[in-house]
Amino acid sequence: PPPPPPPPPATPYEATSDSSLAEALDTLRGDTSKGIPAVIHLAAGIYTLDTTPVFVFDKSVKASDVQLISSAGAILQAAPK
């Protein structure tokens, strides 16, 4: 049998602020992300995940694969408790 087809190309997202990162992560739960890999590119800067409710990579994420790729100087931190 022939080999399986390659996966679809990843959907790129650009994060340049906390709000754009939260928006990109929220998009991963939508039907438009179902079964499609996603790549979130973080520009240099400090990103704090302080969304409510807290973001969790669980079954609500519909993207098939998620990669976070940062530029030099990007810092990702959890919100302080």
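One is the number of the first residue; the rest follow in order along the sequence.
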Subject >> Reported NE2-to-OG distance for the pair H41 and S70, which is rounded to 0.5 angstrom >> reply: 11.0 Å
Original post:
Do the non-hydrogen side-chain atoms of I40 and L28 ever get within less than 4.5 Å of each other?
Top reply: yes
Original post:
What distance do I75 atom CD1 and L42 atom CG have between them, rounded to the nearest 0.5 Å?
Top reply: 11.0 Å
Original post:
Of all heavy-atom pairs between G35 and S64, which one has the smallest distance, and what is that distance?
Top reply: O-OG, 3.4 Å
**OP:** Specify the closest pair of heavy atoms between A72 and A44, including all atoms of both residues, with the distance to one decimal.
**Re:** O-CB, 3.3 Å
**OP:** Kindly compute the distance separating CG (L21) from CG (L49), expressed to the nearest 0.5 Å.
**Re:** 5.5 Å
Subject >> For the student: nearest non-hydrogen atoms of V56 and R29, plus distance >> reply: O-NH2, 3.3 Å
**OP:** Considering non-hydrogen atoms only, spot the tightest contact between A63 and A38 and give its length.
**Re:** CB-CB, 4.4 Å
Subject >> ILVMFWY network linking V61 to I36, side-chain heavy atoms under 4.5 angstrom >> reply: no
Original post:
Do V39 and V66 belong together in a cluster built from hydrophobic side chains that touch within less than 4.5 Å?
Top reply: no
Original post:
T11 and T32: side chain to side chain contact (heavy atoms under 4.5 Å, CB included), yes or no, with the steps?
Top reply: CA-CA 10 Å; T11 302; T32 58; over 6 Å; no
**OP:** Can you see which heavy atom on Y47 is nearest to which on A15, and at what distance?
**Re:** OH-O, 2.9 Å
Subject >> Nearest-0.5 Å distance that lies between atom OG in S20 and atom CG in L25 >> reply: 9.5 Å
Original post:
Do T27 side-chain atoms and E23 backbone N/O form a donor-acceptor pair below 3.5 Å?
Top reply: yes
